[in-house]
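Heads up: the structure comes next, in structure tokens.
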Amino acid sequence: MSCFCLVFGKKGPSSATQSSEVDIDISDIENINRYTYKELKIATENFSPANKLGEGGFGSVYKGKLINGTLAAIKVLSAESRQGVKEFLTEIKVISTIEHDNLVKLYGCCVEGDHRILVYEYLENNSLAQTLLGGHSSIQFSWHVRRNICIGVAQGLAFLHDEVQPHIIHRDIKASNILLDKSLKPKISDFGLAKLIPANLTHVSTLVAGTAGYLAPEYAIRSQVTRKSDVYSFGVLLLEIVSGKCNTNRRLPVGERYLLARAWDMYERGELESLVDVFLDRDFNVEEAIRFCKIGLLCTQDSLKLRPTMSKVLGMLIDEMDINEDKMTKPGLIFDIVESKDKGQQKGKAEVENTSSLAGSGIQDDSSLSGTANSFATMTFTSIYDRSN
């Protein structure tokens, strides 16, 4: 199974150029270990392919054993990585200052010459994208396990949104950024896109960055990110965990490709139970599963004012707060980038309908596009790059 994952943002200089223009200074960052390149080279057995855990646009991640015997996930940013100096520093500054059971722990970093390396705790069971949604695992995702994962992610986000000062907006909540430890406890990872928002501000205006399928409409259209943007992304993730399906599957017929649209249709027909993963073989709490689906729909409403806060989401998930369906509205649906080869339209154009929906065809999963700015209706995109890993 393949998830459709793209990111919207302005095309900038290469990371190599950025590196030469921006000095990497971490001297003012406390509570962070500094590793030498030699230490990490030894830890990974000279970055052996046998120790590689994954690879993406940013570079590669290796399993390593630190000098004190601790296992670690060592994220090596390649010289050509599109994750620039700013994101590298953001990730260090954000995650080094906070700690929570449902946030990945950063052990330290290496800034030496051209080397930019992050050292994280090693999580044995990879990400939800590779295990639950990707099917590359023997893990049995029972309803109990899924329930705990949903609640754990909600706890981590509620902590970022409400308890940390200034509040933190993650901006890239998705299945591949939810890692699982040996007991299947979820941990939110990848804070390279995170934004800090003081309590007196309602939103932050910024370049659009995030992953298609998880991207809130108001953020994609107006470039205004709020904590409710994360709530939207969480709602999509919640439906993915319950259903065991990616939010977008282009192998399916057009009417069945988009999980959020299917969930709403099932809700209107009173058939949300049918959305639950068939691999559970009906071994789940029906009432609770339906409640989780409804919470996912509440989180993804088109109007950010109607979406609950993450604290309220957590209260509903653990059944300490009632779900108010009286004013529940249709989700904001941003499906795809329009790329119709049949009609000869230019790549990268986006069409926004009155319902804030995008309908697309022709783009392949996990692809990258870039180009000059294209404006169609109310939405503008300048380039697209992949952050799917």
Side-chain angles (χ1 to χ4, degrees), residues 1-6 50-58 60-64 71-75 100-105 120-157 170 172-191 211-214 233-252 259-260 263 275-285 288-289 292-293 296 317 365-366 386-389:
M1 187 180 293
S2 176
C3 287
F4 180 51
C5 298
L6 295 175
N51 288 323
K52 184 180 284 189
L53 298 173
E55 187 170 5
F58 59 81
S60 301
V61 178
Y62 296 86
K63 180 180 179 180
L71 291 178
I74 298 172
K75 181 178 178 180
H100 187 276
D101 280 350
N102 297 111
L103 304 181
V104 69
K105 184 175 179 60
Y120 290 102
E121 64 177 313
Y122 174 68
L123 298 173
E124 293 84 348
N125 285 308
N126 223 303
S127 72
L128 281 177
Q130 292 177 288
T131 52
L132 175 61
L133 302 184
H136 304 301
S137 172
S138 59
I139 296 173
Q140 298 299 311
F141 284 94
S142 66
W143 176 250
H144 177 73
V145 168
R146 296 178 200 228
R147 176 186 184 276
N148 288 342
I149 290 173
C150 294
I151 292 172
V153 176
Q155 288 172 328
L157 271 176
H170 186 280
D172 204 16
I173 292 297
K174 59 181 179 179
S176 59
N177 283 339
I178 306 302
L179 307 182
L180 304 173
D181 70 8
K182 61 183 178 182
S183 63
L184 302 183
K185 177 188 292 183
K187 306 226 177 195
I188 300 170
S189 69
D190 196 344
F191 286 78
T211 304
Y214 298 93
S233 301
F234 176 79
V236 175
L237 177 68
L238 184 57
L239 292 171
E240 288 183 318
I241 295 171
V242 173
S243 68
K245 296 178 174 62
C246 292
N247 65 73
T248 306
N249 186 346
R250 300 192 58 80
R251 296 182 181 134
L252 295 175
L259 179 60
L260 196 51
L275 192 69
V276 181
D277 197 340
V278 295
F279 287 103
L280 287 172
D281 196 24
R282 300 196 63 78
D283 184 16
F284 61 92
N285 183 319
E288 189 169 54
F292 275 37
C293 290
L317 287 172
D365 291 3
D366 302 322
D386 191 2
R387 271 184 71 94
S388 59
N389 291 303

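These numbers come from a predicted model, not from an experiment.
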Item to check | side-chain contact (heavy atoms from CB on, under 4.5 Å) evaluation trace for Asn51 with Ile74 | outcome: CA-CA 10 Å; Asn51 288 323; Ile74 298 172; over 6 Å; no

[atom2] on [Y] to [atom1] on [X], rounded to 0.5 Å:
{"X": "Leu184", "Y": "Asn125", "atom1": "CG", "atom2": "CG", "result": "5.0 Å"}
{"X": "Tyr214", "Y": "Lys174", "atom1": "OH", "atom2": "NZ", "result": "8.0 Å"}
{"X": "Asp281", "Y": "Ser142", "atom1": "CG", "atom2": "OG", "result": "13.0 Å"}
{"X": "Glu240", "Y": "Thr248", "atom1": "CD", "atom2": "OG1", "result": "8.0 Å"}
{"X": "Cys150", "Y": "Gln155", "atom1": "SG", "atom2": "CD", "result": "11.5 Å"}
{"X": "Lys185", "Y": "Leu179", "atom1": "NZ", "atom2": "CG", "result": "13.5 Å"}

Next on the checklist: Between Ile173 and Leu237, does the side-chain contact (heavy atoms from CB on, under 4.5 Å) criterion hold? Intermediate values first, please.
Outcome noted: CA-CA 8 Å; Ile173 292 297; Leu237 177 68; 4.1 Å; yes

Next on the checklist: Just to verify, which of Leu180, Asp101, Leu123, Val104 counts as forming a side-chain contact (heavy atoms from CB on, under 4.5 Å) with Pro186?
Outcome noted: Leu180

Next on the checklist: So if I apply the side-chain contact (heavy atoms from CB on, under 4.5 Å) rule between Leu53 and each of Lys75, Gln130, Lys63, which one comes out positive?
Outcome noted: Lys63

Less than 4.5 Å apart, any side-chain heavy atom of [X] and any of [Y]?
{"X": "Phe284", "Y": "His144", "value": "no"}
{"X": "Trp143", "Y": "Asp283", "value": "no"}
{"X": "Ile241", "Y": "Phe141", "value": "no"}
{"X": "Arg146", "Y": "Leu280", "value": "yes"}
{"X": "Leu132", "Y": "Ile149", "value": "no"}
{"X": "His100", "Y": "Lys187", "value": "no"}

Under the 3.5 angstrom rule, does the side chain of [X] hit a backbone N or O of [Y] as a donor-acceptor pair?
{"X": "Asp277", "Y": "Phe279", "result": "yes"}
{"X": "His170", "Y": "Asp190", "result": "yes"}
{"X": "Glu124", "Y": "Asp181", "result": "no"}

On a heavy-atom basis, which atom in [X] and which in [Y] lie closest, and how many Å separate them?
{"X": "Ser127", "Y": "Ala175", "answer": "CB-O, 3.8 Å"}
{"X": "Ala289", "Y": "Val276", "answer": "CB-CG2, 3.7 Å"}
{"X": "Ile178", "Y": "Ile188", "answer": "CD1-CG1, 4.0 Å"}
{"X": "Cys293", "Y": "Val242", "answer": "SG-CG1, 3.7 Å"}
{"X": "Leu317", "Y": "Ala154", "answer": "CD1-CB, 3.6 Å"}

Checklist entry - Where do Ser189 and Tyr120 land on the side-chain contact (heavy atoms from CB on, under 4.5 Å) test, with the steps shown first? => result CA-CA 10 Å; Ser189 69; Tyr120 290 102; over 6 Å; no

Item to check | Worked verdict on Gln140 versus Val145 for side-chain contact (heavy atoms from CB on, under 4.5 Å) | outcome: CA-CA 8 Å; Gln140 298 299 311; Val145 168; over 6 Å; no

Checklist entry - Does a donor on one side chain sit under 3.5 Å from an acceptor on the other, for Thr211 and Asp172? => result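 On atom types as modelled, these side chains qualify, holding a pair under 3.5 Å.
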
